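Only one structure is covered here, and it is reproduced in the block below.
Just so it is clear, the model here is predicted, and its values are computed rather than measured. Chain naming here is simple, since letters A, B, ... match the order of the sequence lines and numbering starts at 1 in each. Quick note: numbers below take in every heavy atom, side chains included, and nothing from hydrogens, waters or symmetry partners.
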Amino acid sequence: MANLPILQFEEKILETMEQNPVVVIIGETGSGKSTQLSQIFHRKGFTNSGIVAVTQPRRVAAVSVSRRVAQELGVRLGEEVGYAIRFEDRTSEKTRIKYLTDGVLLRESLSNPELNQYSVIILDEAHERSLNTDILLGMMKRLIKLRASNLKVLITSATLDGEKVSKFFSNCPVLTVPGKLFPVEIIYSKERPKSYLESSLKTAIDIHIREPEGDVLIFMTGQDDIEKLVSKLEDKIQSLEEGSCMDAIVLPLHGSLPPEMQESVLLHPLSVRVFSPPPPNCRRFIVATNIAETSLTVDGVVYVIDSGYVKQRQYNPSTGMYSLDVVQISKVQANQRAGRAGRTCPGKCYRLYPSFVYNEEFLDVTVPEIQRSSLAGSVLYLKSLDLPDIDILKFDFLDPPSSESLEDALKQLYLIDAINENGSITSVGKRMAELPLEPLLSRTLLEANEYGCLSQALTVAAMLSAETSLLPGRSKGTDKKRKHAPVDLPDGAGLGDHIQLLQIFEYWDQTNYNPQWCKDNDLQVRGMMFVKDVRKQLSQIMQKIAKGSLDVDGDHRWKESRVDYKNLRKALCVGYASQLAERMIRHNGYRTLGFKPQLVQVHPSSVLRADDEGLLPHYVVYHELIATSRPFMRNVCAVEMRWVMPILTRLEKLNVNKLSSGSVPSEERTEGKSVDVPNEDVKVAGVPDDRESRIQAARDRFLARKAKK
DNA sequence: GAGCACTGC
């Protein structure tokens with residue numbers, strides 16, 4: 001600890017802090033910024049007037065760094081040094097240094113907008129540009145004006161981004177603290193590879209034959225490529241002449257591996273011996289996604305092979321559709337990957353692309369999450385802060401999202417009553433913001449409370465929050481098994497996936513949360529326990545914010561509602577009003593109604609059932625649109641026509657221009673736009689002209705069908 | 001009839 005580079009900069013940092021409310025620190029890997037900055041401020045008495053907060057984008061980081069700091073200060077974790085993450089608050093009245101996830105700090109500012117308990121706020125790993133950090137950056141800019149006399153803000157960033165952050169904070173000073181990395185030699189390819197799978201295979205084998213010992217970390221884009229490369233690499237290594245090289249093992253590392261397997265990769269070869277006979281000098285090849293870029297650190301890596309690509313999820317605000325695309329990494333990512341080779345000794349990084357690609361094609365920094373996600377939740381959050389000087393469309397973002405994306409968020413919020421036609425937050429919206437959920441689910445919970453099916457809705461919301469971690473990753477071994485397993489699971493009564501999720505939890509509940517039941521049905525125990533936690537947290541918040549009596553514990557008197565789940569589905573229909581789709585006339589394709597109309601299909605994994613004529617329900621709401629091989633609706637729920645009508649009416653009245661004028665006092669607003677011609681109003685920027693006529697057509701068909709009956 | 005990188009309240 002004594003020779004951490006950052007400690008030599010202590011005086012300089014303190015001096016700069018004294019004269020400036022905000023300082024940007026560029027601290028390279030190994031500089032000690034995450035553990036030392038907070039201690040420096042503690043030593044210098046900043047903790048006498050308030051707490052020093054350090055945010056982290058990940059839970060594990062908040063926990064492990066705070067543990068380290070407590071140890072270094074020789075105090076018990078939870079006393080002078082503590083942490084706060086979702087479901088776990090290990091702080092006390094004694095706490096002076098507090099590590100917390102950026103999401104927790106955002107929640108805290110909901111009840112205490114000026115964050116008065118803190119004297120110093122450090123936004124660590126800001127260069128990762130998580131959605132929450134970006135919102136915090138904007139809020140800090142405002143906060144330092146309000147609390148000019150008693151708040152200091154520190155932002156840690158990457159070399160390529162520091163100037164930009166500084167400019168954002170009126171050219172605040174930038175301090176660079178060197179890291180403690182060993183030099184890494186960068187080796188570029190002469191040309192672009194035809195296939196980066198083949199190219200990484202060749203490079204890996206070259207390293208194995210020519211280079212001295214040291215593990216090899218290979219960055220690939222996804223599970224498929226990883227599995228292919230692992231098996232090719234294993235074949236190639238086996239075919240090498242016996243005794244000509246040292247032994248080698250090949251290990252995959254990605255997010256859908258069970259956590260135990262991820263951990264076993266991180267341990268040093270000594271521990272691998274538990275599973276296999278101890279090879280004297282054995283090289284490990286770790287084939288990983290970008291999980292190894294920041295989230296996990298693999299020890300012993302000397303060589304890195306960088307494909308130059310990453311799989312990224314992006315949101316298209318005009319269609320409401322997500323897609324997973326393989327895209328080029330940024331320079332910051334490329335450097336981060338290379339750095340993984342220099343943690344224990346000098347290393348080498350093989351970039352499978354020419355240097356001009358790095359220099360001319362790669363973006364300096366990764367496109368921030370805020371420009372790749374649906375912003376309904378963030379916009380609702382900002383609206384709920386009710387800050388007089390904040391206009392969402394002009395909110396000071398470091399990288400502003402497109403106006404199309406903001407308008408999409410406003411439109412969604414309007415359709416679920418979270419904001420009114422003038423863009424102001426409603427009382428429903430205020431209560432929604434208290435819930436740590438996507439707005440559509442928050443809205444569903446509030447509506448369900450009105451219909452007496454809150455308990456069911458809580459379960460659905462909790463199940464959806466954990467959904468990806470419920471099913472184990474697909475691997476050849478479990479695939480066949482899983483074909484039989486779901487037979488034992490409920491089928492959602494044919495009404496859709498939300499209902500099935502509800503039934504699954506209810507079954508588990510009836511077994512008294514038996515872990516064996518999860519295993520028998522191929523559900524991850526950890527995931528189901530998480531659902532239980534989330535459900536509990538949500539019901540506690542609902543008890544605080546909902547009016548009237550609540551039924552959060554499950555009410556078994558509602559037997560009749562279990563046949564068709566009408567109340568729950570009705571609540572879902574109101575909550576998911578902006579994600580509604582109508583089936584085509586004579587086949588089972590659907591057309592989305594809230595966005596620029598898209599032809600989509602129900603995902604094949606859905607349990608939604610067709611009627612006797614083989615047709616699916618006329619209307620469904622969907623949890624997510626995802627474009628993979630084709631555009632699919634994932635997690636759908638059958639809804640009834642008469643529930644849909646009010647939504648169509650609301651869609652018709654939609655006027656995005658009015659929604660976006662949120663900061664103008666309402667009198668002025670109605671003055672200027674008093675002409676009430678809804679047909680004209682629909683034709684605004686970002687909304688296609690044909691939408692109105694399509695909705696009209698949808699209504700006509702609906703009325704015609706109704707007349708027939 | 002498909003398959004998904006990574007986080008977080």
Side-chain angles (χ1 to χ4, degrees), chain A residues 55-62 84-89 100-111 125 128-136 219-227 253-257 262 288-296 307 309-314 322-327 329 333 366 368-370 372-373 377-378 380-381 384 432-439 441-442 461-462 465-476 478-479 482-483 530 533-534 537-538 540-541 588 601-608 624 626-634:
Chain A
T55 68
Q56 294 289 329
R58 280 171 294 279
R59 296 161 57 94
V60 270
I85 59 179
R86 189 181 191 180
F87 302 127
E88 223 183 325
D89 185 351
L100 69 177
T101 48
D102 44 20
V104 169
L105 189 62
L106 274 184
R107 286 277 144 202
E108 284 185 0
S109 66
L110 210 52
S111 51
E125 316 289 359
E128 288 186 24
R129 302 295 303 278
S130 74
L131 184 53
N132 289 338
T133 299
D134 265 26
I135 292 171
L136 282 172
F219 283 101
M220 301 298 287
T221 57
Q223 190 178 345
D224 263 6
D225 285 348
I226 288 176
E227 278 167 12
L253 183 60
H254 52 81
S256 35
L257 286 173
Q262 291 182 22
T289 59
N290 54 333
I291 196 171
E293 217 172 86
T294 48
S295 304
L296 298 177
S307 63
Y309 290 98
V310 69
K311 206 177 270 185
Q312 229 172 40
R313 188 177 148 101
Q314 6 221 18
Y322 278 97
S323 59
L324 270 166
D325 308 315
V326 173
V327 298
I329 57 172
Q333 276 179 297
T366 316
E369 209 184 336
I370 201 164
R372 293 187 280 118
S373 337
S378 303
L380 178 63
Y381 172 81
S384 76
M432 285 168 57
E434 302 261 335
L435 289 157
L437 287 173
E438 301 153 57
L441 285 171
S442 310
S465 306
E467 207 223 358
T468 48
S469 58
L470 284 182
L471 298 173
R474 78 196 142 98
S475 63
K476 274 138 212 153
T478 57
D479 232 5
R482 196 154 6 119
K483 273 200 177 124
F530 180 76
D533 273 349
V534 174
Q537 185 194 23
L538 295 177
Q540 282 166 352
I541 299 174
N588 280 335
Q601 289 192 312
V602 176
H603 197 275
S605 66
S606 175
V607 293
L608 188 72
E624 182 182 56
I626 176 104
T628 47
S629 58
R630 270 184 289 173
F632 288 113
M633 298 182 283
R634 277 197 57 221

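Between Q223(A) and dA5(B) there is a side-chain N or O to OP1 or OP2 distance below 4.0 Å. Distances shown here put every side-chain N or O of T294(A) at or beyond 4.0 Å from the OP1 or OP2 atom of dT7(B). Contact between the side-chain N/O atoms of S130(A) and the OP1/OP2 oxygens of dG8(B) is not found at any separation under 4.0 Å.
Here dC9(B) is the nucleotide among dC9(B), dA5(B), dC6(B) with the atom lying nearest to any side-chain atom of R107(A). Residue T289(A) has its side chain nearest to dA5(B) when only dG1(B), dA5(B), dC9(B) are considered. Residue R86(A) has its side chain nearest to dC9(B) when only dC6(B), dG1(B), dC9(B) are considered. Side-chain proximity of R59(A) to the nucleotides dC6(B), dG8(B), dC4(B) is greatest for dG8(B). Each of dA2(B), dC6(B), dC4(B) was ranked by its minimum atom distance to the side chain of H254(A); first place goes to dC6(B). Checked against dC4(B), dC9(B), dA2(B), the side chain of S629(A) finds its nearest nucleotide in dA2(B). Counting only heavy atoms from C-beta on, R58(A) has its side chain closest to dG8(B) among dG8(B), dG1(B), dC9(B). Picking from dA5(B), dG1(B), dC9(B) the nucleotide with the shortest atom distance to the side chain of R313(A) gives dA5(B). For P604(A), the side-chain atoms get nearest to dA2(B) when compared with the rest of dA2(B), dC4(B), dG8(B).
Here dC6(B) presents its P atom at 10 Å from NZ of K311(A), a figure rounded to the nearest Å. Atom CD of Q56(A) and atom P of dC9(B) are 12 Å apart (whole Å). Here dC9(B) presents its C1' atom at 11 Å from CD1 of I135(A), a figure rounded to the nearest Å. Note: CG (D102(A)) to P (dC6(B)) measures 18 Å, nearest angstrom. Look at CD1 on I291(A): it is 5 Å from P on dT7(B), rounded to the nearest Å. Between Q333(A) atom CD and dA5(B) atom C1' the separation is 11 Å, expressed in whole Å. Atom CG of D325(A) and atom C1' of dC6(B) are 15 Å apart (whole Å). Distance L131(A) CG to dC9(B) P: 13 Å, rounded to the nearest Å.
In this structure a side-chain-to-backbone donor-acceptor pair under 3.5 Å is missing from Y381(A) to I135(A). T133(A) places no side-chain N or O within 3.5 Å of a backbone atom of R129(A) that could act as its donor or acceptor partner.
Backbone-only contact: I85(A) has heavy atoms under 4.0 Å from sugar-phosphate atoms and none from a base. N290(A) comes within contact range of the sugar-phosphate backbone alone, with a heavy-atom separation under 4.0 Å but no base atom that close. Nucleic acid contact for V104(A): sugar-phosphate only, since backbone atoms but no base atoms lie under 4.0 Å from a heavy atom of the residue.
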### Task
Apply side-chain contact (heavy atoms from CB on, under 4.5 Å) to the pair V310(A) and V327(A), showing each step before the final yes or no.
CA-CA 6 Å; V310(A) 69; V327(A) 298; 3.8 Å; yes
### Task
Go through S378(A) and I370(A) one step at a time and tell me if the side-chain contact (heavy atoms from CB on, under 4.5 Å) criterion holds.
CA-CA 9 Å; S378(A) 303; I370(A) 201 164; 5.9 Å; no
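In terms of position along DNA chain B, the nucleotide closest to S606(A) lies nearer the 5' end than the nucleotide closest to the other residue of the pair R634(A) and S606(A). Each of L324(A) and L435(A) lies near DNA chain B, and the nucleotide nearest L324(A) is the one positioned closer to the 5' end.
Side-chain N/O atoms of S323(A) and D325(A) include a donor and acceptor closer than 3.5 Å.
Other residues, nucleotides and ligands place no more than 12 heavy atoms under 6.0 Å from the OH atom of Y309(A).
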